[in-house]
Amino acid sequence: MTVPDFTSLSPLRIGTRRSPLALAQAEMAAAAIRLAHGFAEDAVILVPMLSMGDKIQDRPLSEIGGKALWTKELERALVEDEIDIAVHSMKDVETVRSPLFILSAMLPRADVRDRLIGARSIEELPHQAKVGTSSPRRAAQLKALRPDLVTVPIRGNVATRLAQVDAGEFDATLLAAAGLDRLGQSDVGTNLAPETILPAAAQGAIGIDHLAKRDDLALLLQPVNAWATFTAVSAERAFLEALGGNCHSPVAAHATCSVATIVLRGEILAEDGSERQCGSLEFAVDDSEGPPRLATELLERSSDRLRRLFMSSRPNP
Ligand SMILES: NCc1[nH]cc(CCC(=O)O)c1CC(=O)O
């Protein structure tokens with residue numbers, strides 16, 4: 001057996017965004033690495049950085065470059081050796097990435113559900129209630145259930161969004177249960193069953209990224225990887241990629257992984273919620289054709305209009 005050489009990592013530098021949620025998640029990754037290896041507290045340190053998405057708060061995310069914004073600054077810091085690893089919400093990581101980077105571990109997944117803040121259930125929201133969300137998925141899902149609801153774009157971190165509901169700027173909002181729990185806000189809102197609101201692909205999962213050439217880091221991260229989470233989230237991301245990867249169209253996906261098989265549930269919607277196609281597929285964990293098969297099945301069932309929304313951004317087969 002080769003003895004791993006971690007001597008270049010003194011300390012191990014973890015890059016993270018500066019938002020309270022990102023910091024909490026990076027600290028979870030640090031704790032997992034310390035625990036797995038018996039490292040002292042100061043052997044693993046956080047390096048908080050400002051991402052472009054954090055700097056520009058007054059414009060919609062889609063206008064300023066989409067989700068890639070969250071990861072770009074951390075990728076730059078990895079390339080320039082300012083940090084060794086970067087911690088991301090897997091939900092915010094593009095499906096198609098440069099081969100320079102590799103996500104070699106995911107922490108055990110937390111609650112995957114969305115949580116409704118401001119009302120006890122979607123049915124109980126008042127007629128034409130104003131719901132703050134910038135997520136095309138959440139807006140479309142809400143309108144599919146309640147066509148009278150009005151969705152309005154909302155930006156800012158979790159605390160800001162909760163404050164806006166408290167101040168009456170919106171009647172309600174949807175936030176990921178995982179994020180609320182990690183911020184100690186477990187007692188606000190009502191969990192929505194995946195059968196009601198299917199979560200975003202990779203919701204609730206935290207991934208650890210590094211330069212692909214750093215074999216020492218792949219080895220270091222092996223014992224913190226949650227295999228079933230990694231396998232399920234990878235299937236959800238492959239489904240999203242088969243539908244056009246980084247398109248901003250409404251897509252939801254949730255997979256569960258037992259030892260040999262994956263059950264993947266997926267959903268695509270028209271932006272206004274007027275059409276919704278959902279389905280599920282069970283396949284072997286090593287069957288990489290499973291996720292694209294479900295994507296194709298949903299597209300084949302869709303109206304021309306919905307299909308066009310996705311096909312235009314689909315990768316060539
Ligand atoms: N897009 C922002 C984002 N990215 C990850 C989370 C929550 C944490 C997670 O899903 O692991 C959130 C906030 C939210 O959607 O409420």
Side-chain angles (χ1 to χ4, degrees), residues 1-17 22-49 51 68 70-110 178 182 201-202 204-238 241 255 257-260 262 284-288 291:
M1 204 185 103
T2 45
V3 179
D5 179 8
F6 297 143
T7 48
S8 70
L9 307 171
S10 48
L12 177 78
R13 299 158 301 170
I14 304 186
T16 166
R17 293 172 48 207
L23 287 169
Q25 295 182 167
E27 190 45 59
M28 288 171 65
I33 295 167
R34 290 187 193 108
L35 182 68
H37 294 281
F39 285 150
E41 185 78 18
D42 62 0
V44 182
I45 61 164
L46 299 195
V47 182
M49 342 209 42
S51 81
W70 303 133
T71 47
K72 279 264 147 27
E73 177 65 12
L74 294 174
E75 287 176 353
R76 187 204 55 75
L78 285 171
V79 169
E80 294 180 15
D81 194 31
E82 291 171 16
I83 57 178
D84 298 298
I85 63 177
V87 174
H88 302 295
S89 287
M90 284 305 305
K91 193 168 83 168
D92 297 329
V93 180
E94 301 278 287
T95 52
V96 180
R97 304 188 65 219
S98 156
L100 276 180
F101 307 103
I102 190 163
L103 283 152
S104 61
M106 292 181 206
L107 301 185
R109 190 176 219 173
R182 289 174 192 140
I206 296 171
I208 308 179
D209 196 24
H210 58 85
L211 293 182
K213 65 179 183 190
R214 294 285 303 272
D215 293 338
D216 58 332
L217 294 172
L219 195 62
L220 177 95
L221 294 171
Q222 230 169 268
V224 301
N225 183 44
W227 181 83
T229 295
F230 194 98
T231 305
V233 170
S234 300
E236 293 162 11
R237 284 167 52 77
E241 185 183 346
C257 172
S258 59
V259 176
I262 293 173
V285 288
D286 59 356
D287 179 6
S288 61

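Between the side chains of Ser89 and Gln25, at least one donor-acceptor pair of N or O atoms lies under 3.5 Å. At a cut-off of 3.5 Å, with distance as the only test, a side-chain donor of Ser104 or His210 sits close to an acceptor on the other residue.
Leu211 places none of its side-chain heavy atoms less than 4.5 Å from the side chain of Leu217. In this structure the side chain of Ile102 never reaches within 4.5 angstrom of the side chain of Asp209, judged on heavy atoms. At least one side-chain heavy atom of Trp227 sits less than 4.5 Å from a side-chain heavy atom of Val285.
Of all heavy-atom pairs spanning Pro291 and Ala238, the tightest one is CB-CB, 3.7 Å. Of all heavy-atom pairs between Gly207 and Leu103, the closest is C-CD2, 4.1 Å. The minimum heavy-atom distance between Ala178 and Gly204, with the atom names listed, is CB-CA, 3.7 Å. When all heavy atoms of Asn225 and Ala105 are compared, the pair lying nearest together is OD1-CA, 3.4 Å.
Between Glu236 and Arg109, at least one side-chain nitrogen of the basic residue sits less than 4.0 Å from a carboxylate oxygen of the acidic one, meeting the salt-bridge criterion. Between Arg97 and Glu94 there is no salt bridge, since no side-chain nitrogen of the basic residue lies less than 4.0 Å from a carboxylate oxygen of the acidic one. Between Glu241 and Arg237 there is no salt bridge, since no side-chain N of the basic residue sits under 4.0 Å from a carboxylate O of the acidic one.
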Working for side-chain contact (heavy atoms from CB on, under 4.5 Å), residues Ile206 and Met106: CA-CA 6 Å; Ile206 296 171; Met106 292 181 206; over 6 Å; no
side-chain contact (heavy atoms from CB on, under 4.5 Å) between Arg17 and His88, worked out: CA-CA 8 Å; Arg17 293 172 48 207; His88 302 295; over 6 Å; no
Stepwise side-chain contact (heavy atoms from CB on, under 4.5 Å) test for Asp84 and Ile14: CA-CA 6 Å; Asp84 298 298; Ile14 304 186; over 6 Å; no
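A distance of 11.0 Å separates CD1 in Ile208 from CZ in Phe230, rounded to the nearest 0.5 Å. Between Phe101 atom CZ and Arg214 atom CZ the span is 13.0 Å, to the nearest 0.5 Å. Remark: Leu74 CG to Ile85 CD1 distance equals 11.0 Å, nearest 0.5 Å. For the atom pair OG1 (Thr231) and CD1 (Ile262), the distance works out to 6.0 Å, reported to the nearest 0.5 Å.
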Side chains of residues 27-45: which donor-acceptor partners sit under 3.5 Å, not counting sequence neighbours?
{"residue": "Glu27", "atom": "OE2", "partner": "Arg34", "partner atom": "NH1", "Å": "3.1"}
{"residue": "Arg34", "atom": "NE", "partner": "Glu41", "partner atom": "O", "Å": "2.9"}
{"residue": "Arg34", "atom": "NH2", "partner": "Glu41", "partner atom": "O", "Å": "3.2"}
{"residue": "Arg34", "atom": "NH2", "partner": "Val44", "partner atom": "O", "Å": "2.8"}
{"residue": "His37", "atom": "NE2", "partner": "Leu220", "partner atom": "O", "Å": "2.7"}

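For Thr16, there are no side-chain hydrogen bond (donor to acceptor under 3.5 Å, both in side chains) partners at least two apart in sequence or on another chain.
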